[in-house]
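Report on the following structure.
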There are 2 protein chains.
Amino acid sequence: MELSDRKKKILQAIIDDYIASAEPVGSSHILKNHDLGVSSATIRNEMAALEEAGYLEKPHTSAGRVPSYLGYRVYVDQLMNEYSLSVTEINQITSALRTKYLELRRVIDSISDIMSVLTDYTAIYTTPSATGITVSNIKLVPVDERSFVALVITNTGAVKNRTIRTSKIFEPAVLEKLSNYLSYRFAGCDTGEFTPEVLSNEKNLIPVDEELIDAVFEFLTDLSNEVENVDVVMSGTTNIFKHPEFNSIDRTKDFLNFIKKDNSKIIKSLLSQTGDSTSVIIGNENPVLENKDISLVVSNYSLGGGLKGKLAIIGPTRMDYAKVISTLDYLTSCINEVTANPDERKNDFD
Amino acid sequence: MELSDRKKKILQAIIDDYIASAEPVGSSHILKNHDLGVSSATIRNEMAALEEAGYLEKPHTSAGRVPSYLGYRVYVDQLMNEYSLSVTEINQITSALRTKYLELRRVIDSISDIMSVLTDYTAIYTTPSATGITVSNIKLVPVDERSFVALVITNTGAVKNRTIRTSKIFEPAVLEKLSNYLSYRFAGCDTGEFTPEVLSNEKNLIPVDEELIDAVFEFLTDLSNEVENVDVVMSGTTNIFKHPEFNSIDRTKDFLNFIKKDNSKIIKSLLSQTGDSTSVIIGNENPVLENKDISLVVSNYSLGGGLKGKLAIIGPTRMDYAKVISTLDYLTSCINEVTANPDERKNDFD
DNA sequence: CATTAGCACTCCAATCTTCCGAGTGCTAAA
DNA sequence: TTTAGCACTCGGAAGATTGGAGTGCTAATG
């Protein structure tokens, strides 16, 4: 069903007002706050039609109307006005990004903080992960007689390390020789390739003490499993208290239980279902959000070197979508810009 | 004022009951549930005296009594019965600790998870920090023509790293020579010693390109500042919903706003005020908890190699102190035992 | 003199009642 | 097709009612 222009205007007016006030919107409100040139009776008729079509809902007979999930969807896709960031907001963002030496680990963390402050919702991001990470160098560095650090440096400059203690004493020269061999042998290999099979074949070719090679290879195997190790991190979880829907303890419980640590798998999979462009998930549109009245705006960020992740805002379905979407878009574009031009930069991901 | 035996028994009975029920405790309740051999009238008289002395409070005239902060203090210090962990609980703990290769970063994290599950409160820990960390080795490992990774390996086996990109091309041999010199020069140095003054003196003695040495030294300076970098991490924040005091949205807001990320400085300082043994902070005993009805039980853990931190439980003042204290004590002793015997072990702190 | 039964009194919290008004849907006129 | 007008609905705020758990005091008791 295609909506008439007037219906669209009325729907937009209702959703705009509802987002601003969190109160069901009545026909006379629309009359007062929007210049539609028709009477409240006409608006009522149109509202009834919009309800019939599934875009609006009534909490009860004598209340105003509230957008349905479908209503929000139409609003997000077609109706809402573009929100433009204020100068102050843009300044906040740029000054936060202009630290001289950015540690990769912190960049996205602070961005997520900024997001939550600017929008007054909760920000979520997944830690960056990369496909096609290859080994650039492997080092075994002695710490004391019976322990050394195994290091794998990747093409992205990330460093994975593990301290290994041994029962025997190994000469630094032995470790160095093994380092060199491993670097030579595995340079350019994808970190996902360190399967037990590959390594056990390899093991027979290396004339080194078994304890040593076993420990190192176990580290490598663990690495290949770690590729999937994406975490979900949040900031501004208590921002929800700024919104009236969370004056009810039940809503609050629902929300906090949804975003809690134990639930990160579900959130991760929810985020991963979105595509390459900024997308909006509204209430029941996704089964895991069933009856939770939660919406998400999900975006993608890239830190260069193939490191990518999701950055999202989560909040009540009555969310200021226009503001959230434009803030998110602006921020992710800033990140991409900053990181596309890699200067000297810390890298803490391991 | 020293309490009579009977007063102590009554006070203990009231606090025990209140911890279990979260309801103000009346004289007839005590009569029913505890065998004190006196009538409710006598108990009432004693209760009035205990209130007079500041150990109890009345929410209103016709309600039962509730412990005051002072009451809890006496309870924790003198009255409460020892709680002994059940076999199931001990099994849960040991099986969680018996992973073959423990990553240091995860040990304390999973311990904190276990804590929150076992106690139904929120667990907090500070990331381990160490005093007297010294440099064991410095490496500069080439990644590609114009970038390399600078690594500082400490006596504890922790690895700090930063990826550095340069405008000029440096031969691997140059980097290796510099590595060797820096390792030789700074081996055994405390990481706190890399002040700009020390380093700028040093700089003149090293016949290497300035860009290179500047970048590396900036990394070292940053390291020395980083020593103080202790984070506060929580698990089980939504456990509070299991306790009836958090059926009120205001209590919940207060609590969540107190433990939120922005507040970690205050929490850190609160934790650091405690000594070497397990200690309890009850309600208004500390100004930052003023009128928040929050208590903490704080303990110390040690991961070996000088790495130490605080592990704590935070919850309402009506907390099952006996259970929390004994769980916390048992867990920290387990950690200390496990880590005192360092086998091959991952180390992810950097 | 400490203890206790008895009783009047207090006051919260749960439940019920009342009532206001914002909002609707329908009808009939423009 | 739009609109003025009107009867009707219903949630929620404000007030009234009531029950019961709990107290403090007094006077009797061993």
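Chain A is the first sequence line, chain B the second, and so forth, proteins listed ahead of strands; every chain is numbered from 1. All heavy atoms count here, side chains included; hydrogens, waters and symmetry mates do not.
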Expected list for residues 311-320 of chain A: side-chain donor-acceptor pairs under 3.5 angstrom, two or more places apart:
from: A:T317; atom 1: OG1; to: A:D293; atom 2: OD1; distance (Å): 2.7
from: A:R318; atom 1: NE; to: A:E245; atom 2: OE1; distance (Å): 3.0
from: A:R318; atom 1: NE; to: A:E245; atom 2: OE2; distance (Å): 3.2
from: A:R318; atom 1: NH1; to: A:I19; atom 2: O; distance (Å): 2.4
from: A:R318; atom 1: NH2; to: A:E245; atom 2: OE2; distance (Å): 2.6
from: A:D320; atom 1: OD1; to: A:K323; atom 2: N; distance (Å): 3.4

All salt bridge (charged side-chain N to carboxylate O under 4.0 Å, His left out) counterparts of [X], not counting sequence neighbours:
| X | answer |
| --- | --- |
| A:E57 | none |
| A:D5 | none |
| A:K8 | A:E2 |
| A:K261 | B:D113 |

(request) List in chain and number order the residues that pass ring pair (Phe, Tyr, Trp, His ring centres under 6.0 Å) with B:Y75, two or more places apart in sequence or in another chain; answer none if no residue qualifies. (result) none
(request) State which residues pass ring pair (Phe, Tyr, Trp, His ring centres under 6.0 Å) with A:H243; sequence neighbours excluded, sorted by chain then number. (result) A:Y121
Take the protein atom [atom1] of [X] and the nucleotide atom [atom2] of [N], then report the distance between them rounded to whole Å.
| X | N | atom1 | atom2 | result |
| --- | --- | --- | --- | --- |
| A:K7 | D:dT1 | NZ | P | 11 Å |
| A:D17 | C:dG23 | CG | P | 11 Å |
| B:N247 | C:dA13 | CG | P | 14 Å |
| B:L36 | C:dT4 | CG | P | 11 Å |
| B:E46 | C:dA2 | CD | P | 11 Å |
| A:I43 | C:dA22 | CD1 | P | 17 Å |
| B:N33 | D:dA21 | CG | C1' | 15 Å |

(request) Produce a footprint string for nucleotides 22-30 of chain D: one letter per nucleotide, 5' end first; B if the base is under 4.0 Å from any protein heavy atom, S if only the sugar-phosphate is, - if neither. (result) SBB------
Atom pairs under 3.5 Å, N or O on each side, protein against nucleotides 13-19 of chain D: can you list them with distances?
none

(message) In the structure I gave you, are the side-chain heavy atoms of A:V297 and A:V76 within less than 4.5 Å of one another anywhere?
(response) no
(request) Would you tell me if any nitrogen or oxygen in the side chain of B:T42 comes within less than 4.0 Å of OP1 or OP2 on C:dT4? (result) yes
(message) Check this one for me: any side-chain N or O of A:R6 less than 4.0 Å away from OP1 or OP2 of D:dT1?
(response) no
(request) Examine the side chains of A:S272 and A:S269 and answer whether a donor and an acceptor come within less than 3.5 Å of each other. (result) no
